[in-house]
Amino acid sequence: MDLVLKRYWLVKSEPDEFSIDDLQAQPDQTEHWDGVRNHQARNFMRDDMKVGDQVFFYHSNTKIPGIVGIAEVCREGYTDHTAFDPDDKHYDPKSDPDKPRWIMVDVKYVRHMTHTISLTELKDSAALEGCPLTRRGNRLSVMPIEPAHWTTILEMEA
DNA sequence: GCCAACGTTGGC
DNA sequence: GCCAACGTTGGC
């Protein structure tokens with residue numbers, strides 16, 4: 001067995017587009033995380049996200065933005081086919097099927113948080129200082145979470 | 001390669 | 001709806 005440290009992540013979604021409830025409602029509670037069109041976020045999915053990694057599910061652009069649940073990676077990076085579909089919202093005419101530039105992973109629902117850990121609470125936590133999420137002006141839709149921060153956030157649930 | 005203009009994200 | 005913070009694009 002590989003002795004690999006489990007990694008932790010956070011992914012953002014607008015609940016109007018795709019919420020934690022939507023993920024739970026999938027037939028196998030699994031969905032591909034398509035539509036990421038940012039290179040840094042893409043690189044995380046392509047290079048670093050491994051099956052079994054734990055993922056915070058974050059709702060953005062909503063009344064109370066914050067962490068609403070947990071998912072886990074169940075398939076590692078592969079071509080995001082939506083980039084080739086002219087009818088798709090995230091169509092990228094410059095993406096060549098022979099040389100795909102966009103990548104997605106599959107995530108599986110694990111559970112809801114007992115309550116939303118709001119962005120306000122996250123910002124107020126001294127232990128989370130320096131976390132990419134609470135950094136000003138952060139727009140990354142996929143970001144790594146340090147193990148210590150993961151634990152801190154879980155403790156905020158209680 | 002610089003940088004202004006423009007588009008998007010996302011909190012408020 | 002506003003606007004700050006970025007990322008991307010395109011002229012030069």
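Chain letters run A, B, ... following the sequence lines, proteins first, then strands; residues in each count from 1.
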Trainee: Are any non-hydrogen side-chain atoms of A/K12 and A/N61 less than 4.5 angstrom apart?
Mentor: no
Trainee: Base contacts versus sugar-phosphate-only contacts with protein, heavy atoms under 4.0 Å: please encode nucleotides 6-12 of chain B as B, S and - from 5' to 3'.
Mentor: -BBBBBS
Trainee: Taking atom types as modelled and ignoring hydrogens, do the side chains of A/H90 and A/D85 form a donor-acceptor contact shorter than 3.5 angstrom?
Mentor: no
Trainee: For residues A/F84 and A/M45: do they belong to one hydrophobic cluster (side chain heavy atoms under 4.5 Å, members Ile, Leu, Val, Met, Phe, Trp, Tyr)?
Mentor: no
Trainee: What contact category does A/K63 fall into here, base, sugar-phosphate, or nothing, at under 4.0 angstrom with non-hydrogen atoms?
Mentor: nothing
Trainee: Let's go through A/H39 and A/W102 carefully: what are the C-alpha distance in whole Å and the side-chain angles of both, what is the deciding distance for ring-ring contact (aromatic ring centres under 6.0 Å, His included) to 0.1 Å, and is it a yes or a no?
Mentor: CA-CA 8 Å; A/H39 289 90; A/W102 300 117; 4.9 Å; yes
Trainee: Check for a donor-acceptor pair, side chain of A/R7 on one end and backbone N or O of A/P144 on the other, with a separation under 3.5 Å.
Mentor: no
Trainee: Using salt bridge (Lys or Arg N to Asp or Glu O under 4.0 Å) as the criterion, list what pairs up with A/R111, not counting sequence neighbours.
Mentor: A/E157
Trainee: Judged by modelled atom types alone, do A/R46 and A/N43 share a side-chain donor-acceptor pair under 3.5 Å?
Mentor: yes
Trainee: Polar atom pairs between nucleotides 2-5 of chain B and protein, under 3.5 Å, N or O only, would you list them?
Mentor:
none

Trainee: Establish, from distance only, whether the side-chain atoms of A/R139 and A/S60 form a donor-acceptor pair under 3.5 Å.
Mentor: no
